[in-house]
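Read the structure below first, then the notes.
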2 protein chains.
Amino acid sequence: MAPTGDDDPLDGLDARLLLLLSDEPRLGVLECSRRLGVARGTVQARMDRMVRRGVLRGFPPELDLAAMGYGLTAFAVLEIAQGQRATVAERLAAIDEVCEVHATTGQGDLFVRMVARSNADLQRVIDTVVAVPAVRRTSTSIALSTPVPPRVRPLLENLANDE
Amino acid sequence: MAPTGDDDPLDGLDARLLLLLSDEPRLGVLECSRRLGVARGTVQARMDRMVRRGVLRGFPPELDLAAMGYGLTAFAVLEIAQGQRATVAERLAAIDEVCEVHATTGQGDLFVRMVARSNADLQRVIDTVVAVPAVRRTSTSIALSTPVPPRVRPLLENLANDE
DNA sequence: CGATTACTGTACAAACTGCTCAACGAGCGG
DNA sequence: CCGCTCGTTGAGCAGTTTGTACAGTAATCG
């Protein structure tokens with residue numbers, strides 16, 4: 001068979017494998033090979049390659065924060081004093097309830113996602129966040145629902161079909 | 001031993017197990033039991049229970065979108081015409097590059113995360129998003145960096161230590 | 001054409017999994 | 001105070017999977 005071009009990080013088989021693993025993550029290599037109709041060694045080789053290329057980072061446990069008691073999610077846009085972004089980011093990273101921080105273009109310099117157990121708890125978390133030095137202005141909003149939960153599936157399906 | 005209270009969804013052992021699995025997701029049940037110093041059956045029971053309670057959803061593959069060619073991430077805040085939020089959310093869900101949508105409080109009604117392969121591609125994606133009917137006003141910003149990548153670890157560590 | 005690369009099929013030892021069983025200890029209710 | 005129930009332990013067993021290796025085939029590239 002033709003050597004899979006290294007220019008293309010993922011081919012159709014890779015995508016189908018990832019889709020399969022997305023749906024049933026506990027599947028072993030052998031079972032995957034059976035379902036995909038390829039040899040076991042091939043599946044192993046593909047997975048190794050994807051790990052090597054950094055596409056496949058691993059199989060972390062997926063937790064439901066709500067079921068863990070952290071039922072509230074909030075977003076905050078922070079405006080930071082000039083040149084203090086890195087420092088602020090570091091401070092934010094030290095707050096347990098801060099689950100994600102992005103530096104963005106536009107007026108808001110930092111975008112923060114955080115969780116909390118209750119309204120009172122959320123208040124506390126927000127206070128902690130805005131109390132970080134060099135934070136100029138903040139705008140917070142609470143997530144009411146999540147029509148589209150984090151997903152990658154459509155992208156994979158594209159790859160699986162196109163190639 | 002005392003029956004583990006069902007009021008507390010996670011106890012210290014659960015948290016330590018989840019931490020272990022976060023660090024080395026490929027670990028089998030047997031290896032986990034060895035590292036935690038408990039019997040294999042216990043680990044199995046804990047995992048079953050967490051799955052039953054919905055805390056542990058599974059072990060999906062973690063993909064690096066950047067390594068897959070989708071190097072750009074952007075956020076959009078959409079203002080929606082009255083009563084059209086559900087409809088818009090549905091439309092957004094149909095766009096492959098839309099990886100996450102939240103309904104939020106505040107002026108922005110919907111919060112969207114999307115990815116793209118290049119600036120041109122991003123332009124196309126954004127155009128697609130804002131072209132959705134009933135979308136009044138949009139404000140988009142690009143993620144420049146991610147000081148704190150999505151994480152749950154600190155929360156787990158709290159549980160592991162406190163209990 | 002020869003070299004390289006990828007996939008297949010096979011094989012074997014080592015390890016793991018799912019499952020069961022008996023036993024122990026700690027709370028709980030009567 | 002007793003008996004029950006539940007979580008945990010340690011053991012065992014059959015079946016399956018994993019890691020690894022090797023040989024054969026096929027397709028691309030120079």
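FYI, side chains are in, hydrogens and waters are out, and symmetry mates aren't considered; it's all heavy atoms of this structure. Quick note on labels: first sequence line is chain A, next is B, and so on, each numbered from 1.
- Atom pair A/Asp48:CG and C/dA6:P shows a separation of 12 Å (rounding to whole Å applied).
- Per the geometry, CZ belonging to A/Arg52 stands 12 Å off C1' belonging to C/dT5, to the nearest Å.
- Of the residues in residues 33-41 of chain B, those with a non-hydrogen atom less than 4.0 angstrom from any atom of DNA chain D are B/Val38, B/Ala39, B/Arg40.
- Taking the six-membered ring for Trp and the full ring otherwise, the centers of A/Phe111 and B/Phe111 sit less than 6.0 Å from each other.
- Between B/Asp109 and B/Arg136, no side-chain nitrogen of the basic residue sits less than 4.0 Å from a carboxylate oxygen of the acidic one, so the salt-bridge criterion is not met.
- Atom pair A/Leu30:CG and D/dT18:C1' shows a separation of 9 Å (rounding to whole Å applied).
- Proximity of residues 22-29 of chain A to DNA chain D (heavy atom under 4.0 angstrom from any strand atom) is restricted to A/Gly28, A/Val29.
- Scanning both residues, A/Cys32 and A/Leu20, for their nearest heavy atoms gives CA-CD2, 3.9 Å.
- One can place CD of A/Glu31 at 14 Å from P of C/dG18, the figure rounded to the nearest angstrom.
- Atom pair A/Asp11:CG and D/dT28:P shows a separation of 15 Å (rounding to whole Å applied).
- Distances shown here put every side-chain N or O of B/Gln44 at or beyond 4.0 Å from the OP1 or OP2 atom of C/dT17.
- You'll find that the side chain of B/Leu13 is closest to D/dT8, out of C/dC7, D/dT18, D/dT8.
- Using a 4.0 Å cut-off between a side-chain N of Lys or Arg and a carboxylate O of Asp or Glu, A/Arg137 and A/Glu79 qualify as a salt bridge.
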task: Go through the steps for A/Val129 and A/Thr138 under the test side-chain contact (heavy atoms from CB on, under 4.5 Å), then give the verdict.
output: CA-CA 9 Å; A/Val129 168; A/Thr138 73; 5.8 Å; no

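- Distance A/Leu17 CG to C/dA6 P: 16 Å, rounded to the nearest Å.
- A salt bridge is defined here as a Lys NZ or Arg NE, NH1 or NH2 lying under 4.0 Å from an Asp or Glu carboxylate O, and B/Arg53 with A/Asp64 fails to meet this definition.
- The shortest heavy-atom contact between A/Arg57 and B/Leu63 is NH1-O, 4.4 Å.
- Counting to the nearest Å, the C1' atom of C/dC7 and the CZ atom of A/Arg49 are 12 Å from each other.
- Among A/Arg117, A/Arg113, A/Arg124, the single residue meeting the side chain to side chain donor-acceptor pair (under 3.5 Å) criterion with A/Glu97 is A/Arg124.
- With salt bridges taken as basic N to acidic carboxylate O contacts below 4.0 Å, none links B/Asp96 and A/Arg153.
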